[in-house]
Amino acid sequence: MDKKPCNSEDAEVRKGPWTMEEDLILINYIANHGEGVWNSLARSAGLKRTGKSCRLRWLNYLRPDVRRGNITPEEQLLIMELHARWGNRWSKIAKHLPGRTDNEIKNFWRTRIQKHIKQAEPLPGQCSELNDNASSSQMCDAGDGVDQPYSPTYSGNLEPFPLPLPNESDDNFWSVEDLWTLP
DNA sequence: AAATACCCCAACCGCCGCATA
DNA sequence: CTATGCGGCGGTTGGGGTATT
């Protein structure tokens, strides 16, 4: 009773982690037909996933040009700079970081930078920082390329901090490279 | 050696805007 | 002009792994 997510083959929609098989199907299908309408792509490919799920998987993980892990200090700096300018416009920020996805940047921000800021600046009185939720989406919209006077607490203090190096020992899981090197 | 707490990443959900019928 | 569908975005959650006690 462990390795059976559902089993029900007739289940309409599959959820949860992607299997290597599903990844391969998706990669092969896109390699042959290209990206299209995701919903029909999912069906045509024989995947019991929603179009959204397929798109997310492809964009965030399977695409050949996607880089994962090891955010460099330069990238970190850029992220902080762009976030200072645009707030939580992750997709916008991601466009300036080739190979990085909005999801990854978002995760990076929340897990690393946000915490770092919190530690560096424990100001209880000020509603401080992490205009993460409310404010950002309201104040810095306006337009592409328009520099908004968005000033988070770390402004003026943009400098990368040392990041722990993740060891890539994915023995239990396949990596994207594995998938792409398959015949 | 075992248990607990913490951290990180992948994936899902809901909302919004745009395009097409 | 209105309704429907799709894609995209941001926020949130759950699971797995690692570190610490």
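By convention in this document, chain letters (A, B, ...) are assigned in the order of the sequence lines, proteins followed by strands, and residues within each chain are numbered from 1. All heavy atoms count here, side chains included; hydrogens, waters and symmetry mates do not.
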TODO: Taking only Lys NZ, Arg NE, NH1 and NH2, and the carboxylate oxygens of Asp or Glu, determine whether A/E75 and A/R67 approach each other closer than 4.0 Å.
DONE: yes
Open item on the list: Distance criterion of 3.5 Å, no angle test: do you see the side chain of A/K52 paired donor-to-acceptor with the base of C/dG7?
Closed with: no
- [ ] Answer whether the closest heavy-atom distance between the side chains of A/I93 and A/D102 falls below 4.5 Å.
- [x] no
Open item on the list: Ring of A/F108, cation from A/R112 - is the NZ or CZ under 6.0 Å from the centre and inside 45° of the axis?
Closed with: no
Task: Check: A/K92 side chain, C/dG10 base, donor-acceptor under 3.5 Å - done: no
Task: Residue A/R112, side-chain heavy atoms: nucleotide from B/dC9, C/dC6, B/dA11 that is nearest - done: B/dC9
Task: Phosphate OP1/OP2 of B/dA10: any A/N107 side-chain N/O under 4.0 Å - done: no
Open item on the list: Using only atom types and a distance under 3.5 Å, with no angle test, would you say the side chain of A/H33 pairs donor to acceptor with the backbone of A/Y29?
Closed with: yes
Open item on the list: Nearest whole Å is fine: how far is B/dC9 C1' from A/W109 CH2?
Closed with: 18 Å
- [ ] Measure from CG on A/N103 to C1' on B/dA11 and round the result to the nearest Å.
- [x] 8 Å
Task: Side chain of A/R110 (C-beta onward), nearest among C/dT12, B/dA10, C/dG10 - done: C/dT12
Open item on the list: If I take atom CZ in residue A/F108 and atom P in nucleotide B/dC7, what distance separates them, rounded to the nearest angstrom?
Closed with: 16 Å
Task: Between B/dA11 (P) and A/R57 (CZ): distance, integer Å - done: 4 Å
TODO: Report yes or no: is the cationic atom of A/R43 (NZ for Lys, CZ for Arg) under 6.0 Å from the centre of the six-membered ring of A/W38, at an angle within 45° of the ring normal?
DONE: no
Open item on the list: Rounded to whole Å, please give me the gap between CD in A/E104 and P in B/dA11.
Closed with: 13 Å
TODO: From the options B/dA10, C/dG8, B/dC9, select the nucleotide whose nearest atom is closest to the side chain of A/R55.
DONE: C/dG8
Open item on the list: Working to the nearest 0.5 angstrom, can you tell me the gap between A/R89 CZ and A/L82 CG?
Closed with: 13.5 Å
Task: Whole angstrom value for the distance that separates C1' of C/dG10 from CG of A/L56 - done: 12 Å
TODO: Tell me whether the OP1 or OP2 atom of B/dA11 has a side-chain N or O from A/S53 closer than 4.0 Å.
DONE: no
Task: Contact under 4.0 Å: A/R89 side-chain N or O vs C/dC9 OP1/OP2 - done: no
Task: C/dG8 OP1/OP2 closer than 4.0 Å to side-chain N/O of A/W90 - done: no
Open item on the list: OP1 or OP2 of C/dG8 versus the side-chain N and O atoms of A/S91: is any pair under 4.0 Å?
Closed with: no
Open item on the list: So A/G16, base contact, sugar-phosphate only, or nothing? Heavy-atom distance under 4.0 Å.
Closed with: sugar-phosphate
Task: base_contact_polar (B/dA11 base, A/N60 side chain, donor-acceptor, <3.5 Å) - done: no
Task: Distance, rounded to the nearest Å, where A/W38 contributes CH2 and C/dC9 contributes C1' - done: 16 Å
Task: Minimum-distance nucleotide (side-chain atoms of A/N88 versus B/dC12, B/dA10, C/dG11) - done: C/dG11
Open item on the list: I need the CD1-P distance between A/I105 and B/dA10, as an integer number of Å.
Closed with: 14 Å
